[in-house]
Amino acid sequence: MSAAFALLKRDLRLAFRQAGGTGTALGFFLTFVVLLPLGLGPDQALLQRIAPGALWIALLLSVLLSADRIFQSDYDDGSLEIMAMGPQDLGLMALTKAFSHWLTAGLPLAIAAPILGLLINLEPERMLPQAIAMLIGSMALSLLASLGAAVTLGIRRGGPLVSLLILPLYVPVLIFGVAASGGMTQKPALLILAAISLASLVLCPWGAAAAIRAHLR
Amino acid sequence: MRLCAQNLTLERGGKRLFTALHFELQAGTLTRLTGPNGSGKTSLLRSLAGLGDWQDGSLRLAGGHAEFSIGAQSHFIAHQEAVKLALTARENLEFWQGFLGGGDVQEALAAFALEPLADLPAAWASSGQKRRLALARLALAFRPIWLLDEPSVGLDTASQSRLAALMKAHLAKGGIILAATHVPLGLETTHEINLGAA
């Protein structure tokens, strides 16, 4: 466990010290939300209707923005090889890296999204359900992103490829996330969303570790 | 402790690097791994570290911790330094201390005279200094087996003799060192595996 803590500490430190982490994700999110009413016109009723879904799509895209970097820098400088030698479990390391990605991308976005939602006329009473659904759903987003990042390791300019691979897997999170953010089916959808996150928690680190091992061979 | 390879055959990218390689590395010995470029030195070290496959034969460790793989009981110094440029030398070693389990960061810095750089970002270090930072992992956490791939590349003479002293101390503790190198390591080597001749 101490190895996982050391890795988490280092990754958070790197995320704060290097450009392109949390700030870029938040900036991208803000830009998306600002551009939306410019493209759709000042129809307040329309914006209110599409706000939860628009925020979710902005969340998916912002999380993907930094997805390809989850393992890439450790792969490039050889750290990943040493991590894969053990005795620490590589799956636990993959989980730790997905967790630090969530802490630096998913979590701040999930907190900021409902507030930025005011820009596209999100109903105030929907802010809390939106935040809760995004908090739960963004975990699945980071975990799936780590799987995509592991599979595309070593491919130059792998970023767009990660997006292509992972976006289809984001569809269930998007559907149940939007449903959990409001409307009649809120609670069952939230439970299904939580189930998706828990399933990703079990499967993605294991899959990512297998992909990393295959790449190093 | 003994590290044995029997009848080892290794291929990389469809090309056969060597066949039926036998060797036995005893505790307390330094073995030089030699051979021309592309003869499979790095591939052999990676296989030992558990990072690469081999096609035939066996690799086995006798007298170590049976529950750990060979890789888990080894240090592997590869061509890449595994140094994070945005972190200081001390922060880099603090991470490896936590990850590899134990060791004294100050001692590891001192082993390669890195104290003056300790609190500067590693991005400012020269390539030789980064190499020293990578080698400082050897002094940080104890691993019985050291797999070194061209360890002295880019090192100045003072650092080379520090590396030699560190290897000597490791051998005295009963460690095993396998070093792929083209240059003398400043240490008497009695064992050699020549992949070019195989």
Side-chain angles (χ1 to χ4, degrees), chain A residues 1-24 66 69-97 99-101 104 150 153-154 209-217, chain B residues 10-13 42-43 45-54 64-65 67-88 90-103 105 121-123 130-131 133-134 137-138 140-141 143 145 147 149:
Chain A
M1 274 320 267
S2 68
F5 277 121
L7 183 60
L8 184 65
K9 194 173 145 197
R10 186 200 68 166
D11 277 4
L12 292 180
R13 200 179 250 168
L14 282 171
F16 285 116
R17 213 166 282 182
Q18 286 171 330
T22 313
T24 313
S66 52
R69 313 199 322 174
I70 297 178
F71 297 110
Q72 193 64 46
S73 94
D74 279 327
Y75 177 77
D76 288 340
D77 69 16
S79 304
L80 204 55
E81 287 190 345
I82 300 170
M83 292 182 199
M85 281 167 61
Q88 275 77 31
D89 181 47
L90 193 56
L92 180 62
M93 296 307 126
L95 175 63
T96 309
K97 292 197 80 74
F99 183 59
S100 67
H101 180 257
T104 54
L153 257 188
I212 292 169
R213 280 198 195 288
H215 270 288
L216 290 178
R217 287 205 181 280
Chain B
L10 207 64
E11 280 175 13
R12 189 157 173 84
T42 299
S43 301
L45 291 174
R46 287 178 58 87
S47 296
L48 283 166
L51 297 169
D53 281 325
W54 57 89
H65 290 278
E67 71 268 33
F68 289 132
S69 65
I70 298 174
Q73 300 177 56
S74 306
H75 270 306
F76 179 38
I77 301 294
H79 287 283
Q80 290 162 311
E81 262 86 24
V83 164
K84 284 275 172 272
L85 299 183
L87 300 181
T88 66
R90 190 189 305 280
E91 286 166 343
N92 268 298
L93 286 177
E94 274 168 0
F95 161 64
W96 288 117
Q97 176 197 31
F99 191 89
L100 299 170
V105 171
K130 279 179 210 144
R131 191 77 193 156
L133 188 51
R137 280 208 315 273
L138 297 173
L140 189 63
R143 293 283 187 276
I145 305 165
L147 306 169
D149 198 355

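Note on naming: letters A, B, ... go to the chains in the order of the sequence lines (proteins, then strands), and numbering restarts at 1 for each one. Everything quoted here is computed from the prediction, not taken from an experiment.
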Report the residues that fulfil salt bridge (Lys or Arg N to Asp or Glu O under 4.0 Å) with A:Asp74, sequence neighbours left out, ordered by chain and then residue number. A:Arg10, A:Lys97, B:Lys84
Min side-chain heavy-atom separation B:His75-B:Leu100 under 4.5 Å: yes
Would you please indicate yes or no on a ring centroid separation below 6.0 angstrom for A:Phe71 and A:Tyr75? no
B:Glu94: partners by side-chain contact (heavy atoms from CB on, under 4.5 Å), with sequence neighbours left out: A:Arg13, B:Arg90, B:Glu91, B:Gln97, B:Val105
Just by distance, do the side chain of A:Thr22 and the backbone of A:Thr104 share a donor-acceptor pair under 3.5 Å? yes
Quick check on the structure: residues of residues 209-217 of chain A within a heavy-atom distance below 4.5 Å of chain B, by number. A:Leu216, A:Arg217
Heavy-atom cut-off 4.5 Å, strictly under: side chain, backbone, both or neither for B:Ala49 against chain A? both
Quick check: do A:Gln88 and A:Leu7 have side-chain heavy atoms less than 4.5 Å from each other? no
Sequence neighbours excluded, which residues qualify as side-chain contact (heavy atoms from CB on, under 4.5 Å) partners of B:Ser74? A:Met85, B:Ile70, B:Ile145, B:Leu147
A:Met93 versus chain B, heavy atoms under 4.5 Å apart: side chain, backbone, both or neither? side chain
